[in-house]
Amino acid sequence: MTKSAPSHLLPVFARADVAFERGEGAWLIGTDGERYLDFTSGVAVNALGHAHPHLVAALQEQATKLWHMSNLFKSPDGERLAARLCEQSFADKVFFCNSGAEAMECCIKVARRYHAMKGHPERYRIITFEGAFHGRTLATLAATGSAKYLEGFGPPMEGFDQVPLGDVAAVKKAIGPNTAAILIEPVQGEGGVRAASNAFFKELRQLCDDNGLLLIFDEVQTGMGRTGELFAYKRTGVTPDVMSLAKALGGGFPIGACLATEEAASGMTPGSHGSTFGGNPLAIAAANAVLDVMLKPDFFPHAQKMSLLLKQKLASVVDRHPDVLADVRGEGLLLGIKAVVPAGDLINALRDEKLLTVAAGDNVVRFLPPLIVTEAELDEAVVRLERACTTLLAAAKLEAAR
Ligand SMILES: *Cc1c(COP(=O)(O)O)cnc(C)c1O
């Protein structure tokens, strides 16, 4: 398609003028024939990189057997995936769906239904945090609470009370007779790679226990290894009652999940929720294959080592370019650099150097390499970042001289 041809895609995305035809590990090969180092991982989705041989084989094999058969029948592979996720986490029950927003919808329904079935339908409100992102459906938008996303879509869905991140007093004040749950991301991804302290998570857990509330973690972005553990809640020192997963769960195949303890899930009786595609055999095969790889003993030690190296390397670039970059933040391979220049300018300059990164709130650029990234690839990324900083600085000087 030439640049001037009209697009028939709904223009809701500001797409960069580049397209790709295939990928290999941490690399994408553009339709222009150029090789790009992919530190977007499809926004924290392709945790095992592109075209991982084990995932390709699993999906190819499943494609010859069964694509879809609905939830009218038993799902042995879905049972196996659910059992593996529960074995690795606090959860006892899993609902499969197709996206992060859907996983969050299920979390919200689980929390409301839990109280309703215990005789307290008035307990439906959920406390959320400023800077959050929970999805683009009408309920998850209301939970996200950002005016920018809500504008023009009618009155936001009722039942969400937003407070500042890290503000215990504000949370306490927000808890009332209608409160059902507290919802938080272990690390805010879209919001700018921001995390509350472990002390804050501990306070939230205590407040939930004292007031009979459910603690919901949105692990759509942080889950499935992104922070260097299979689930980020393990780093917070507390255990939620309900948790969402999506992004990396299928390694690039769409699948989401809502995980809950037996008690938290107790309201979800037959007929109370559903999904046509949820737990589709192709998606289940992809997610089981992702777990095969991630549960190998050397997988997370590698990801943690790469995290430490990348953090150090990025910090040294920040030190050398204080006029362009401000600080490094994040956990595991969910890392962000807060920029001094507009984050969009840095992302464009990096793309010119064939390094792909993702914007986040708070003028942050996210570095989200696949968890299988090598040290040589990190070094290559850092060289490209250095070059982009030099270019941006030269441009700024030229501008100032005018
Ligand atoms: C991406 C994201 C979502 C929404 O996921 P979709 O698959 O885009 O619906 C929800 N919560 C968090 C934390 C996310 O990062």
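As the structure lists them, so they are numbered: ligands from 1, and atoms in each ligand from 1. Keep in mind it's a predicted model, so treat the numbers as computed, not measured.
Looking only at side-chain heavy atoms (C-beta outward), Thr239 and Tyr233 come within less than 4.5 Å of each other. No side-chain heavy atom of His321 sits under 4.5 Å from any side-chain heavy atom of Leu392. Residues Ile284 and Gln62 form no side-chain contact, since every pair of their non-hydrogen atoms from C-beta on lies 4.5 Å or further apart.
Atom CG of Leu282 is separated from atom NZ of Lys65 by 11.0 Å, given to the nearest 0.5 angstrom.
Near Ser99, the atoms of ligand 1 lying under 4.0 angstrom from a non-hydrogen atom of the residue are 7 (O), 9 (O). For ligand 1, the atoms lying closer than 4.0 Å to a non-hydrogen atom of Gln221 are 15 (O).
Atom 11 (N) of ligand 1 has Asp218 OD2, 2.7 Å as its closest protein atom, hydrogens excluded (heavy atom only). For atom 5 (O) of ligand 1, the closest non-hydrogen atom of the protein is Gly100 CA, 3.2 Å. What sits closest to atom 9 (O) of ligand 1 on the protein, heavy atoms only, is Ala101 N, 2.7 Å. Of the protein's heavy atoms, Lys247 NZ, 2.6 Å lies nearest to atom 15 (O) of ligand 1.
Taking distance alone, with nitrogen or oxygen atoms compared against 3.5 Å, Ala246 stays at or beyond that limit from ligand 1. Of the N or O atoms in Phe133, one or more lie within a sub-3.5 Å distance of an N or O in ligand 1.
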*May I have the step-by-step check of side chain to side chain donor-acceptor pair (under 3.5 Å) for Asp241 and Thr261, ending in yes or no?*
CA-CA 6 Å; Asp241 304 295; Thr261 62; 4.8 Å; no
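The part of Glu185 lying near ligand 1 is the side chain, judged by heavy-atom distances below 4.0 Å.
If you look at Phe200 and Phe129, their ring centroids are closer than 6.0 Å. Aromatic pair His68/Phe277: centroids less than 6.0 angstrom apart.
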